[in-house]
Structure formats: C-alpha cells, structure tokens
Amino acid sequence: MTKRVAILISGSGSNMVALAGSMAGDHPARPVLVVSNVPGAGGLAKAQAMGIPTAVVDHKAFGKDRASFEAALAEALEAARPDIVCLAGFMRILSAEFMARWQGRMLNIHPSLLPKYPGLHTHARAIEAGEAEAGCSVHEVTAELDGGPILGQARVAILPGDTPESLAARILPWEHRLYPAVLRRYAAGDRTPVLLP
Ligand code: GRF
C-alpha cells in the first residue's frame, strides 16, 4: 500500500522539493499535501508547480491561542489522511499533545549532529565550540524538542574560516540527500539509520 505523506513547511521549501521529487517510480510513498504556517512561503508555489495540493494555517491569525492553531493544523492534515508527516523547515514548536497524535509517524530534519545542538543557531554554536564537524539529522518527532530517535545523519567537516552561512550552504545539499533516503526506508517500514557520506 503506497504511503500518503504530508509535508509541513515555513519557508523556501528546499527540503520539501527534495522529498516530493524523490517520491516517484517504485518509491513506497507519495506526497498528498504541503502545509505552511506562513502565507506566501516560497515553498507553497514550488509545491503547486509540482502538482501537490497546498494549505495555509497562519499561526499569526491565532495570536497566543496555540491550541486553536494546532486544532486547525490537525484538521488540515487529517483531511489529507497522511500515513506519515514530514517537518521540513517547519519553524513552529508543536505541543506534546499535538506530537502524541502523530507519534511514530512524524519526521523532522534538524541542521546539527543530534543530540548535539538541538534548537536554533546550530552552525554558529558548532563553530563557536570549535567542533571539527557538523551536519544534519533526521529524527522521529517526540514530545522532546529535536529529541526523538535518530533515523539518519550526514557529517560535514567544519573548515577554517567557516561562517554559519558558509557551513549552512555546504550542509543543505546533504539535507536534500539524507531526508529522501530516510523517508524511502521509513515508508517501507525500515528504521535502519542512514549514515552519510
Ligand atoms: C534547513 O536547514 C532545515 O534543516 C532547517 O531550516 C532550513 C530551511 O530549509 N530546519 P528549507 O529550504 O525551508 O527546506
């Protein structure tokens, strides 16, 4: 049975494009919806150009009422009946209650070698700490922010003179390889971690 995949974005959607583009041919899954919490996010037009239905659930419209935002987000997701939900550059922190609903079928990509540097500004923190390498991780989402089981990692050397921007630019192409590779296995029920390069 082909798995139905919904993708949540907030920005340019480059990971979304990599995921959606990979789901073709004998791939065990297909994209059924792209949702953004930011109206006008660059990834929405890219998803529409790929023929994927899109939806916007603008968190700003709910002010501080997080529960109503999450209820609207859940409604948009459930309408597409996804088997798997992929967070791809989705920048809202979701509640434990929301996570519990999708536990065991929600993935996230994070631009660090978890469990190191959960949260924001990952590349700057790795450089400041004098790390020899950085990278990205795909993990299953749990109530702990960036804390769920790791299903894939790509390691990238930090070079002398690197800035957070130059490092991010070298890591993003690895995100676009790692996330599709993990999703292909995950959709086939295989949780064996993908380790790149
Ligand atoms: C990526 O580095 C991702 O790891 C992070 O946000 C960045 C934006 O990605 N969460 P995208 O182009 O919006 O997919």
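As the structure lists them, so they are numbered: ligands from 1, and atoms in each ligand from 1.
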Decide side-chain hydrogen bond (donor to acceptor under 3.5 Å, both in side chains) for His176 and Ser14; before the verdict, give the C-alpha distance in whole Å, the side-chain angles of both, and the deciding distance to 0.1 Å. CA-CA 8 Å; His176 299 160; Ser14 70; 2.7 Å; yes
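Within 6.0 Å of atom CD in Gln103, more than 12 heavy atoms from other residues, nucleotides or ligands are found, so the atom counts as buried in its surroundings. Counted within 6.0 Å of CD1 on Ile93, heavy atoms from surrounding residues, nucleotides or ligands total 12 or fewer; the atom is thus considered open.
Using a cut-off of 4.0 Å between Lys/Arg side-chain N and Asp/Glu carboxylate O, Arg170 and Glu165 are scored as not salt-bridged.
When Lys46, Glu175, His123, His176 are ranked by how near their heavy atoms come to atom 2 (O) of ligand 1, first place goes to Glu175.
Here's the thing with Ser14: one of its N/O atoms is less than 3.5 angstrom from an N/O atom of ligand 1. The shortest N or O to N or O distance between Gly13 and ligand 1 is below 3.5 Å.
The protein does not reach atom 7 (C) of ligand 1 closely, with no heavy atom under 4.0 angstrom from it.
When only modelled atom types and interatomic distance are considered, Ser95 and Glu97 share a side-chain donor-acceptor pair under 3.5 Å.
Looking only at heavy atoms of the protein, atom 10 (N) of ligand 1 is closest to Gly89 CA, 3.7 Å. The closest protein non-hydrogen atom to atom 9 (O) of ligand 1 is Asn15 ND2, 3.6 Å.
Atoms of ligand 1 lying under 4.0 Å from at least one heavy atom of Ser12, given by number and element, are 11 (P), 12 (O), 13 (O). Atoms of ligand 1 found under 4.0 Å from any heavy atom of Pro111, numbered from 1 in the order shown, are 4 (O).
Not a single heavy atom of Cys136 sits under 4.0 Å from any atom of ligand 1.
The distance from atom CE of Met16 to atom OG of Ser36, rounded to the nearest 0.5 Å, is 9.5 Å.
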Output side-chain donor-acceptor pairs under 3.5 Å for residues 45-57, partner residues at least two apart or in another chain, one line each.
residue: Lys46; atom: NZ; partner: Ser12; partner atom: O; Å: 2.7
residue: Gln48; atom: NE2; partner: Thr54; partner atom: OG1; Å: 2.9

